[in-house]
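Worksheet for the structure shown next.
Letters A, B, ... mirror the listed sequences (proteins, then strands); counts begin at 1. Note: hydrogens, waters and symmetry copies are ignored here, and every other heavy atom, side chains too, is used.
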Amino acid sequence: MRVEELHGYRLSPREARELQVELAPRVEADVPLDPGSLEYVAGVDVSTEARSGMAYATVVVLDFPGLEVVEERGFAAPLDFPYVPGLLSFRELPPVVGALREVETPVGAIICDAQGIAHPRRLGLASHLGLFVEVPTVGCAKSRLVGDFEEPGREKGSATDLVDRGEVVGRVVRTRSGVSPVYVSVGNRIDLDSAVRLVLACAPKYRLPETTRRAHEAANRLRRGDAGTLL
DNA sequence: GCGACAG
DNA sequence: ATCTTGTCGC
């Protein structure tokens with residue numbers, strides 16, 4: 001798939017924040033997505049190895065709404081940027097871009113294991129990546145970076161607004177009754193309601209979307225070495 | 001100065 | 001994220 005990196009990653013944390021402020025206005029958060037026209041969804045995840053200083057990114061493509069794996073790609077790259085809350089994309093995007101470029105399936109949407117615009121400068125990894133590709137991106141994180149919210153109802157599908165500095169930047173969604181909720185936010189080229197519906201459609205059985213689960217296990221396999229089973 | 005802080 | 005055994009709970 002086509003990926004257009006808009007800049008390099010050899011920046012200081014200070015420069016990275018300035019770049020986020022410059023790029024954030026380009027995010028489109030009002031584009032509806034018709035689930036009926038979606039054929040393939042991709043999940044992206046990164047596994048890091050401090051010992052070797054390497055990052056292993058994987059992209060797993062699932063058919064929709066069946067959610068069966070149809071393609072898997074992996075890419076390794078050195079970790080040149082430290083983990084700094086709010087600057088995660090500068091650390092993980094290099095390997096993610098490498099893996100995405102090898103994807104051949106015509107993906108209709110990408111779900112990232114990170115935040116979208118639910119970010120201090122409205123440019124979490126899902127949004128940042130969304131500016132590099134032409135397809136819609138969604139952020140589905142396991143924990144909160146910014147924003148206040150009320151605990152959503154205990155039943156599956158229950159959700160509440162994630163509000164930061166007076167703005168609704170995402171939704172706290174209960175994908176399964178009884179489990180802790182996930183934090184869904186717009187990546188790029190999609191609206192919040194569509195993003196939430198997509199995440200729920202991809203998580204019919206577990207807390208995390210099938211896309212995230214498959215990408216996560218594939219990334220761990222790649223890091224451990226036994227990444228023999230990739231289509 | 002103190003607390004918070006995606007992965 | 002990663003380091004790690006057993007263990008509490010549905």
Side-chain angles (χ1 to χ4, degrees), chain A residues 9 13-14 16-17 19-20 23-24 27 43-60 74-99 110-131 137-149 154-156 162-165 167 169-188 192 195 199 205-209 211-225:
Chain A
Y9 307 92
R14 167 61 183 283
R17 291 190 188 87
L19 182 55
Q20 292 180 320
L23 298 175
V27 171
V44 177
D45 191 46
V46 177
S47 180
T48 61
E49 188 172 50
R51 180 172 63 71
S52 63
M54 292 296 275
Y56 301 83
T58 53
V59 176
V60 175
F75 194 92
L79 285 169
D80 296 322
F81 204 94
Y83 169 67
V84 179
L87 301 180
L88 180 66
S89 58
F90 291 89
R91 175 181 175 79
E92 304 193 338
L93 237 31
V96 166
V97 167
I110 301 173
I111 296 179
C112 303
D113 181 26
Q115 308 290 349
I117 62 174
H119 175 280
R121 290 166 291 286
R122 307 293 182 263
L123 197 78
L125 189 155
S127 295
H128 199 157
L129 173 62
L131 294 178
T137 57
V138 171
C140 179
K142 298 182 293 302
S143 60
R144 180 201 76 94
L145 175 59
V146 298
D148 303 304
F149 64 95
R154 182 174 163 300
E155 341 73 65
K156 167 186 296 193
L162 178 60
V163 183
D164 181 46
R165 289 153 27 185
E167 288 179 57
V169 296
R171 296 274 285 171
V172 182
V173 183
R174 192 82 71 184
T175 53
R176 283 199 71 185
S177 50
V179 304
S180 51
V182 295
Y183 301 76
V184 180
S185 58
V186 167
N188 189 26
L192 186 53
V199 167
K205 191 175 169 65
Y206 301 96
R207 177 170 90 112
L208 299 179
T211 44
T212 303
R213 301 184 61 248
R214 312 307 283 238
H216 192 289
E217 54 183 49
N220 279 148
R221 276 162 19 198
L222 183 59
R223 175 168 57 75
R224 285 163 32 196

Contact string for nucleotides 1-7 of chain B, one letter per nucleotide 5' to 3', B = base within protein heavy-atom range under 4.0 Å, S = sugar-phosphate only, - = neither, reads ---SBBB
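Contact annotation: A:Asn220 does not reach the phosphate of C:dA1 (side-chain N/O to OP1 or OP2, under 4.0 Å).
In this structure, CZ in A:Arg165 is found 6.5 Å from CD in A:Glu167, a value given to the nearest 0.5 Å. Rounded to the nearest 0.5 Å, atoms CZ (A:Arg213) and CG (A:Asp45) are 12.5 Å apart. In this structure, CZ in A:Phe149 is found 12.5 Å from CG in A:Asp164, a value given to the nearest 0.5 Å. Rounding to the nearest 0.5 angstrom, the gap separating the CD atom in A:Gln20 from the OG atom in A:Ser127 is 10.0 Å. Between A:Leu123 atom CG and A:Leu87 atom CG the span is 10.5 Å, to the nearest 0.5 Å.
Secondary structure note: stems in DNA chain C built from 3 or more consecutive Watson-Crick or G-U wobble pairs under 3.5 Å do not occur.
Between the side chain of A:Ser89 and the backbone N or O of A:Leu125, no donor-acceptor pair lies under 3.5 Å.
Between A:Ala24 and A:Arg121, the shortest heavy-atom distance links the atoms CB-O, 3.3 Å. Here the shortest heavy-atom pairing between A:Val179 and A:Arg174 reads O-NH1, 2.7 Å.
If you check every strand for non-hydrogen atoms under 4.0 Å, A:His128 touches nothing.
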